Amino acid sequence: SKKALALVRRGFLTCMEDKELHLLALIRKLIAEGPGFLRDLSDPTCYPVYRAIRHMNGELEKLRGFVRFSDYGGVLGAEIEPKNRVLPLLREHPVKIITNMGAANPVAAAEKVRKMAAQYDLTDLKIAAVIGDEVTERIPAYGDLAIMETGEPLHTLADKIVSANAYIGGRQISQALADGADIVITGRVADPALAVGPLMYEFGKDYDADVDFLGKSTVAGHLLECGAQVTGGYFADPGVKDVPELWNLGFPILTFTEDERILLEKLPQTGGRLDRQTVTEQLLYEIQDPANYFTPDVIADFSQLSVEELSDGWVEVKGAAGKKRTGTLKVSVGYQDGYIGEGQISYGGRNCVARAKLAAEVIQKRLVLLNKHYSETRTDLIGVNSLYGAEQEKVFPAPQLSEVRLRVAVRAEKKEDAEVIGREIEALYVNGPAGGGGVRSSVESVLSIASVLIPEEDVHPTVCWERGE
């Protein structure tokens with residue numbers, strides 16, 4: 001039938017494991033029995049194919065009109081189309097642009113920007129790409145290094161590693177600007193480096209000697225690295241820390257003066273707020289030891305910072321200092337870490353929390369019955385305990401809820417073991433408890449990150465140029 005042909009064709013486009021065998025089994029059954037059995041979604045021959053197609057359709061819907069595929073040196077890669085709101089302004093406002101949008105391939109990003117710029121007759125731009133943060137090939141030499149998160153030696157992940165990128169500093173950004181770059185595109189750099197690079201270049205400072213200036217530049221970069229977070233975005237908490245016109249949020253503008261003052265402002269007609277409170281929260285963001293904030297360029301000292309509100313909406317930050325950098329660079333090592341299987345279902349009406357708890361118990365007992373053992377299992381009642389776990393009942397009074405959503409997730413080495421949880425959640429539709437609906441399930445491969453420190457002299461970042469040739 002046409003339906004059977006479409007099913008086989010769609011099945012062949014999926015990433016289902018052993019799909020050829022699944023499709024062969026489906027075709028044999030179609031030949032033997034005809035297409036009638038396709039109406040039975042629980043049929044063991046149909047189910048894997050239907051499930052894989054449903055997953056593929058969901059992914060396509062997310063990516064439709066968003067991703068293209070390009071050939072980069074024989075590798076087929078997804079290319080994300082930028083929104084392109086900055087390039088059209090460059091002819092009337094010729095400013096420098098520095099960005100870490102290069103991600104895993106700064107050279108390809110530079111090539112893309114060159115093509116986009118040509119649409120606006122910006123053919124004379126000098127576009128630089130900072131490369132050299134990618135150190136995957138050298139990682140085997142560091143097998144005895146301790147993983148920062150676990151203390152285990154790195155060689156325990158040897159057969160699972162897929163990438164390794166070092167956080168580099170601002171030195172190559174400074175070099176590119178000194179050589180006349182209009183746009184600098186980096187891969188993995190420390191967030192503050194996007195400000196450190198231009199400031200060190202503009203003021204002619206030395207990366208090995210001017211540590212206090214590096215400390216101040218790092219503070220500037222830290223204030224800007226999360227964009228509108230410092231102008232009230234992540235700060236907002238209605239009735240506690242109110243932020244006006246959050247939908248019209250203004251981005252921060254930082255001025256670093258010749259006498260090394262750090263001044264923040266935002267455009268007056270924008271929403272948000274910029275004051276001592278918002279700036280202080282951003283300064284504390286991701287800081288463990290304020291006196292020793294490690295970056296590739298410097299150990300910044302935030303311990304003596306002060307924040308002062310000036311007239312006309314300006315805010316000044318004072319007291320930054322720096323110490324000589326450590327000589328090591330943090331490397332993020334990406335490795336394959338199995339699969340996460342997840343299933344969700346909602347319960348509503350009176351006694352919904354009790355029914356969701358019963359459903360969670362059913363799933364747990366079913367997994368025991370099926371002899372399924374996972375390295376990690378997590379059960380959440382979203383809206384009840386998904387953030388704080390059992391401890392929430394000690395802090396927050398038990399709410400009277402009209403709806404709750406159960407989420408169960410497992411981590412497994414094999415994909416087929418991770419898929420079990422979705423089937424079990426789906427079975428709750430008819431196997432109880434009462435009143436469940438809105439089932440969603442997924443299986444995702446996991447790319448985890450392990451961190452190690454390697455000597456900076458082992459990493460060789462450099463600047464290359466996109467010449468449009």
Side-chain angles (χ1 to χ4, degrees), residues 98 100 102 106 130-155 157 161 163-178 184 186-201 203-222 225 260 285-305 320-335 449-464:
I98 303 160
N100 60 359
V130 176
I131 60 175
D133 60 286
E134 205 269 334
V135 293
T136 309
E137 291 184 359
R138 293 196 286 277
I139 278 297
Y142 308 113
D144 293 333
L145 291 179
I147 298 171
M148 296 172 68
E149 291 83 1
T150 65
E152 295 290 321
L154 184 60
H155 66 71
L157 303 176
I161 291 175
S163 67
N165 294 80
Y167 283 90
I168 59 178
R171 193 182 296 259
Q172 281 67 42
I173 296 174
S174 301
Q175 177 190 333
L177 293 170
V184 183
T186 76
R188 175 70 75 190
V189 296
D191 289 342
L194 299 177
V196 170
L199 288 173
M200 292 294 285
Y201 157 71
F203 289 91
K205 297 296 183 178
D206 188 309
Y207 276 89
D208 296 316
D210 297 317
V211 291
D212 279 339
F213 189 91
L214 278 165
K216 294 174 183 178
S217 301
T218 298
V219 168
H222 186 71
E225 69 182 49
E260 300 180 10
Y285 175 71
E286 292 185 336
I287 297 293
Q288 293 178 322
D289 180 357
N292 295 284
Y293 181 52
F294 297 105
T295 78
D297 296 311
V298 70
I299 301 174
D301 185 352
F302 288 28
S303 63
Q304 302 303 311
L305 291 180
K323 293 171 276 192
K324 186 177 179 180
R325 63 185 182 273
T326 63
T328 59
L329 296 178
K330 181 180 178 181
V331 175
S332 292
V333 180
Y335 65 96
I449 293 293
S451 305
V452 294
L453 297 173
I454 69 173
E456 66 175 14
E457 60 265 24
D458 291 355
V459 182
H460 307 288
T462 188
V463 178
C464 66

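Note that the structure is a prediction, hence the values are computed from the model and not measured.
In plain terms, the two heavy atoms of A193 and G170 that are nearest each other are CB-N, 3.7 Å. Of all heavy-atom pairs between L305 and A320, the closest is CD2-N, 3.4 Å. Scanning all heavy atoms of the two residues, the minimum distance from L214 to Y207 falls at CD1-O, 3.4 Å. Minimum interatomic distance between A220 and A195 (heavy atoms only, all atoms of both residues): C-CB, 4.4 Å.
A distance of 9.0 Å separates CD in E457 from CG in L329, rounded to the nearest 0.5 Å. The OG1 atom of T295 sits 11.5 Å away from atom NE2 of H222, with the distance rounded to the nearest 0.5 Å. Atom NZ of K330 sits about 8.5 Å away from atom CG of L453, to the nearest 0.5 Å. Of the inter-residue distances, the one linking R188 atom CZ with D133 atom CG reads 8.0 Å to the nearest 0.5 angstrom. Here the CD1 atom belonging to I173 is positioned 13.5 Å from the OH atom belonging to Y201, to the nearest 0.5 angstrom. Taking CG of N292 as the reference point, atom NZ of K323 lies at 3.5 Å (rounded to 0.5 Å).
Side chains of D301 and S303: a donor on one and an acceptor on the other come within 3.5 Å. A donor-acceptor contact closer than 3.5 angstrom links the side chains of S451 and E149.
We find that D208 and R171 are joined by a salt bridge, their nearest charged nitrogen and carboxylate oxygen being less than 4.0 Å apart.
A donor-acceptor pair under 3.5 Å links the side-chain atoms of S174 to the main chain of G197, judged by distance alone.
No side-chain heavy atom of V298 sits less than 4.5 Å from a side-chain heavy atom of V196. Under the 4.5 Å side-chain criterion, counting only non-hydrogen atoms from C-beta, V130 is in contact with V184.
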The test is side-chain contact (heavy atoms from CB on, under 4.5 Å); show your working for V135 and V459 and say whether it passes. CA-CA 7 Å; V135 293; V459 182; 4.1 Å; yes

Verdict with supporting geometry, V452 and Y142, side-chain contact (heavy atoms from CB on, under 4.5 Å): CA-CA 9 Å; V452 294; Y142 308 113; 5.6 Å; no

